[in-house]
*Asks:* 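Please read through the structure below; I'll follow up with questions.
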Amino acid sequence: MTETTMEPLVVEREETKPGFAGTNIPRKEDKRLLQGQGVFFDDVRRHEAGFVEFVRSPYAHAKILSVDVSKALELDGVYGTLTGDEVAIQTDPFFQISPDPGAKIRDYALAVGKTRFMGEAVVAVAARTRDLARDAAELVEVEYEPLPALVDTERALDPDAPVLHDEMGGNTVYSGVFDWGDYEAALAEADHVVRIERLHFDRFSSTPLETSGAVVEYNRGTGQWTLYTNNQFPGFAIIMMAPAMRVGMDRLRFVTQDIGGGFGNKICTHPQLVALCLLARKLNRPVHWHEWRTDQHAANSHGNERVFLEVEVPVKADGTLLGFKARALDDAGAFARYEPLGCIIWSQVTPGLYRWRHIRIDFTQVCTNKSPVGPNRGYSRLQHLWFTERVIDIVAQELGIDPVEIRKRNYIKAEEMPYETPNGCVYDSGDYARSLDQALELIGYDRIEERRRDAEARGKLLGVGIGSTLDSGTNNFGQSTLLNPELQFGGNNEVATVKLDLFGEVVVTLGTTPQGQGHETTAAMVVADILGVTPDDVNVRPGHDSYWNTHAGFSGTYASQFAVTGLGAVKGATEKLAWEIKRVAAGVFGADPDDVELAEGQARLRENPEAAIPFMGIGAIVNANNAILPMETRDATLNVRHVYVPPFQLPDKERKFGNLTLTYAMQIHVCVIEVDKETGAYELVDWAVVDDCGKRIHPQIVEGQVHGAWAQGLGAATTETFAYDEDGNLLTANFYDYHVPHALDMPPLKTGHIESPSPFTPLGTKGMGEGGGGAIHAVCAAIQDALRPVGKPVVTDSHNPYHRVWQLMTRPEESRKLVGVESRTTNGR
Amino acid sequence: MISISFELNGETVEREVEPRKLLVHFIRDDLGLTGTHVGCDTGNCGACTILLDGEAVKSCMLLAAQADGTGVETVESLAADGELSPLQQAFTDAHALQCGYCTPGMLMSATYLLRNNPEPTEGEIRKAIQGNICRCTGYVNIVEAIQEAAR
Ligand code: FES
Ligand code: FES
């Protein structure tokens, strides 16, 4: 089966001596953040800046008949405006990742001719103060002709559905069939075939506490823009923006220090950033935009909504799952801004944690009159992993198999690692069954039946749910060619530089844009361990600056990869620096570089530690006194750059086959729920999660990521939803109606971990942080388990507020209608 | 424009302000104390929490003019000469902050709690920060840090 060659993936690692890695040192970021001394984009002030307000569409779908900014311009203190017509003249539409028909979408920084979702930016206004800008925006007159809105994903393909982009000739962005193994044979071999008519993954987003924004300056003399912004993937933003703006990439300088959470939602801000750049150039003054919370909800990026239709699961009599088939319909919202990448990214985790090998997914992505989607913690994999977990628990319930039993029977086994999936991805390591056992023990699974009876006596239905999930990290961007063979993307990269300065200071710059993941701290630990200094001796420059020469095409912080790509780059650069230091010291001592060791902030001879030069001395020699060095060491600069490039190949476009991500972290959640028999109101009373992300550099930071992913999943499962009415009005455009978990909403949490080092990465680490939506899967499973005594309803939605649970329990036949089992007495007929 | 005068972190501030200016924008934009954050436009998130005459309040829900004659404390007042307060220290020890955007508001709510209830139960702590949203931490370590600071 091993068609993907695994050999080149394995990284030789030397045994490292115990150091800082693996310990919880105080985070370097904390001191400034705790004192209110962080610098977030909105803290940047520029003299005479114009504050920007966007005039936004009140309609989900409308023709723009006219735009009149004259009244706004008359207001004292208003600096100017930018309209869609100006944008259409000064820029080209953004490059589309999609092949036809999605390639035909014409997406600009402001609405041109038509608006396609409520909240779409139509005009930008700049004024002396934030409040004035708002006043001026209200004076802009836009005449609209409302058009019928398309809100329902499943209607998008109807021949009479409203069409968003006329050029596309319909609403389909992308469609493709993914067929691996031999599904027909699996179906013939099955003893039972379980069918599920429809499963729906709901629309929500991580809603970072800091909304998007930027302060943008234009330098007339050089034609260069500086953007102080919280965009979390400048590499992508620049690729999108520069061609659209008809300028070279280096004209766009992205600077950021602190970012108030991102979770993927800050990747697709390129349309707003282009509008700001044009405005700064037009007005010849800096502009400052801080998105309103309402606008973040209405018009930033949402997570992908997805429907799974006509699901079919062939199963053997003993509970062995053979495969699955489904039609997936993904809702991109009004524009494909990062899409259709979500149409392939799910396949990084095609089989979930299971050994089924015959899989057919017919995948279609459509446009609707809702906010465009974009990456959102767990991007595109969590929808698919939720689907696989739902399938497991529905199959278990319908065939009367225990949920623990069915998982253990079908999980990929520890001894099968590295494991090649049916579509050629290679799971690096892990022990799912052991992790599940640990999670069950933490929750006290052996006493569950007792607790069920106790709850029953109090008028509650108790349920337990398991959510086992993966967090695939370090993308092979070659996967985009499986969607669009014309694309020229492949592999991945990240950069770091490490230098030793004149006075002996070790300075590190990163290409990443952290939003709370503690990169300064973990990078310092890796450097300290290699150079024989302490993390306090290492100055990791906070934030990101695309002018630092630590910027590569895929630089940024997204998709669970820092511990592999970012730290891989740091390790590579530090090792190069260590070698230069040794060579310089050897040059001074007339010794061999291999005889030099680095410890206690010195380079010294292994055999004669008295012969030592402190780093300060090394820095001084190379930077200011290099005439004392022998000729052959004068090439040492003590300022080295390393690009970490993972060992990927291009995938096979014909078969949609290949290794799409380097590492696979795992999380297993188990939760306990109590549902009120009368009302359907419920409480999550207990929770355990076990995490395995390979080697942990800073365990506390890893745990913090587990906590955060847990809370976001819990919110998505229970109270967070972007609900639209039939006219396409967003009903949950603020934190009142879109309820994110507060401190009192959180159940007690127990955590555990195992460490299965990745054989494929420089440090044995795996990317983690997104968490794979495990909490959503667990809550759905727990609700279904709790409701078993009241007519065995089936949970078919990822989002289950009280009223939906009440519907399930009072009308169980409605959801039961969606499932069926065909059992064959003789094999296959 | 109206003139206002109040104590900010122990120093007297006298300014002219537009009547409609929000207190949080006054603190951030006019006075340059950017530790107090803005996370919403509906008074839900608590990123802007400050102490006004010793009470924890959301400074986006007040006009600057309403601060006239009061005493205001912001996150910048907590550390004395760069020495973290026990509460701040507990936050870093327990890893109670990730992106740090909610942190100033959390610290001010917790400061209010601990001044008025030096030995809070876990339930009281959760109640005290119920008006502060954190999107990063799930509150686990924040609750632990406040408990630790109370010890
Ligand atoms: S900014 Fe959200 S409550 Fe004040
Ligand atoms: S630490 Fe990011 S919002 Fe709380």
*Asks:* If we define contacts as heavy-atom pairs under 4.5 Å, which of A:Glu703, A:Arg293, A:Gln705 has the most with chain B?
*Replies:*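 Most heavy-atom pairs within the cutoff with chain B belong to A:Arg293.
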*Asks:* Under 3.5 Å, is there a donor-acceptor pair linking the side chains of B:Asn9 and B:Glu76?
*Replies:* no
*Asks:* So, are A:Asp135 and B:Arg20 salt-bridged, with charged N and O less than 4.0 Å apart?
*Replies:*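 Answer for the salt bridge query: yes.
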*Asks:* With ring centroids as reference points, do A:His297 and A:Tyr738 lie under 6.0 angstrom apart?
*Replies:*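 Yes, they do, as the ring centres are separated by less than 6.0 Å.
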*Asks:* With respect to chain B, which residue among A:Pro741, A:Gly715, A:Pro208 yields the maximal number of heavy-atom pairs within a distance under 4.5 Å?
*Replies:* A:Pro741
*Asks:* Taking NZ, NE, NH1 and NH2 as the nitrogens, is one of them in B:Arg126 or B:Glu122 under 4.0 Å from a carboxylate oxygen of the other?
*Replies:* yes
*Asks:* Using modelled atom types only, decide if a donor and an acceptor are shared between the side chain of A:Thr521 and the backbone of A:Lys28 within a distance under 3.5 Å.
*Replies:*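 Between the backbone of A:Lys28 and the side chain of A:Thr521 there is a qualifying donor-acceptor contact (under 3.5 Å).
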*Asks:* Ignoring hydrogens and geometry beyond distance, is a side-chain donor-acceptor pair present between A:Gln232 and A:Thr557 at under 3.5 Å?
*Replies:*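 Not at all, the side chains of A:Gln232 and A:Thr557 share no donor-acceptor pair under 3.5 Å.
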*Asks:* For each of B:Thr103, B:Thr42, B:Leu33, tally heavy-atom pairs with chain A at distances under 4.5 Å, and name the one with the top tally.
*Replies:* B:Thr42
*Asks:* Under a 4.5 Å heavy-atom cutoff, which of A:Gly38, A:Gly261, A:Gly260, A:Ala711 has the most pairs with chain B?
*Replies:*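 Highest number of pairs under 4.5 Å: A:Gly260.
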*Asks:* Are the side chain of B:Gln66 and the backbone N or O of B:Leu63 linked by a donor-acceptor pair below 3.5 Å?
*Replies:* yes
*Asks:* Tell me which of these, A:Pro514, A:Gly262, A:Ser206, A:Pro26, has more heavy-atom pairs under 4.5 Å with chain B than the rest.
*Replies:* A:Ser206
*Asks:* Counting only heavy atoms closer than 4.5 Å, note whether A:Phe40 contacts chain B via side chain, backbone, both or neither.
*Replies:* side chain
*Asks:* Taking side chain as everything from C-beta outward and backbone as N, CA, C, O, which of these in B:Ala94 sits under 4.5 Å from a heavy atom of chain A? Side chain, backbone, both or neither.
*Replies:* backbone
*Asks:* Counting only heavy atoms closer than 4.5 Å, note whether B:His37 contacts chain A via side chain, backbone, both or neither.
*Replies:*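 The side chain, not the backbone.
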*Asks:* Under 4.5 Å, counting heavy-atom pairs only, tell me which of B:Asp93, B:Thr92, B:Ile125 racks up the most with chain A.
*Replies:*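 Highest number of pairs under 4.5 Å: B:Thr92.
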*Asks:* Mind ranking A:Arg32, A:Gln37, A:Glu291, A:Lys31 by heavy-atom pairs under 4.5 Å with chain B and telling me who comes out on top?
*Replies:* A:Lys31
*Asks:* Flag the one option from B:Ile129, B:Leu87, B:Ile133 with the top tally of heavy-atom pairs under 4.5 Å to chain A.
*Replies:*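 Of B:Ile129, B:Leu87, B:Ile133, B:Ile133 has the most heavy-atom pairs under 4.5 Å with chain A.
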*Asks:* Does any heavy atom of chain B fall under 4.5 Å from the side chain of A:Asn24, the backbone, both, or neither of them?
*Replies:*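 Looking at A:Asn24, nothing touches chain B.
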*Asks:* Side chain, backbone, both or neither: which part of B:Tyr139 has a heavy atom under 4.5 Å from chain A?
*Replies:* side chain
*Asks:* Verify whether one side chain among A:Tyr228 and A:Arg46 offers a donor that lies under 3.5 Å from an acceptor in the other.
*Replies:*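 Short answer, yes.
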*Asks:* Side chain, backbone, both or neither: which part of A:Trp292 has an atom under 4.5 Å from a heavy atom of chain B?
*Replies:*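 Both parts, heavy atoms under 4.5 Å.
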*Asks:* Need one label for A:Ile701: side chain, backbone, both or neither, based on atoms under 4.5 Å from any heavy atom in chain B.
*Replies:*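 Both the backbone and the side chain of A:Ile701 come within 4.5 Å of chain B.
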*Asks:* Shorter than 4.5 Å, heavy atoms on both sides: which option in B:Leu84, B:Leu78, B:Leu22, B:Thr36 has the most such pairs with chain A?
*Replies:* B:Leu84
*Asks:* Determine whether the side chains of A:His707 and B:Thr137 contain a donor N or O and an acceptor N or O closer than 3.5 Å.
*Replies:* no
*Asks:* Is the A:Phe41 to A:His290 ring centre distance short of 6.0 Å?
*Replies:*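 Ring centroids of A:Phe41 and A:His290 are less than 6.0 Å from each other.
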*Asks:* Of the backbone (N, CA, C, O) and the side chain (C-beta and beyond), which part of A:Leu749 lies under 4.5 Å from a heavy atom of chain B, both, or neither?
*Replies:* side chain
*Asks:* For the interface with chain B, which of A:Asp131, A:Thr211, A:Thr294, A:Asn734 has the highest count of heavy-atom pairs at distances below 4.5 Å?
*Replies:*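 Of A:Asp131, A:Thr211, A:Thr294, A:Asn734, A:Asp131 has the most heavy-atom pairs under 4.5 Å with chain B.
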*Asks:* Run the salt-bridge test on B:Glu55 and B:Arg115 with the 4.0 Å N-O cut-off and return the result as yes or no.
*Replies:* no
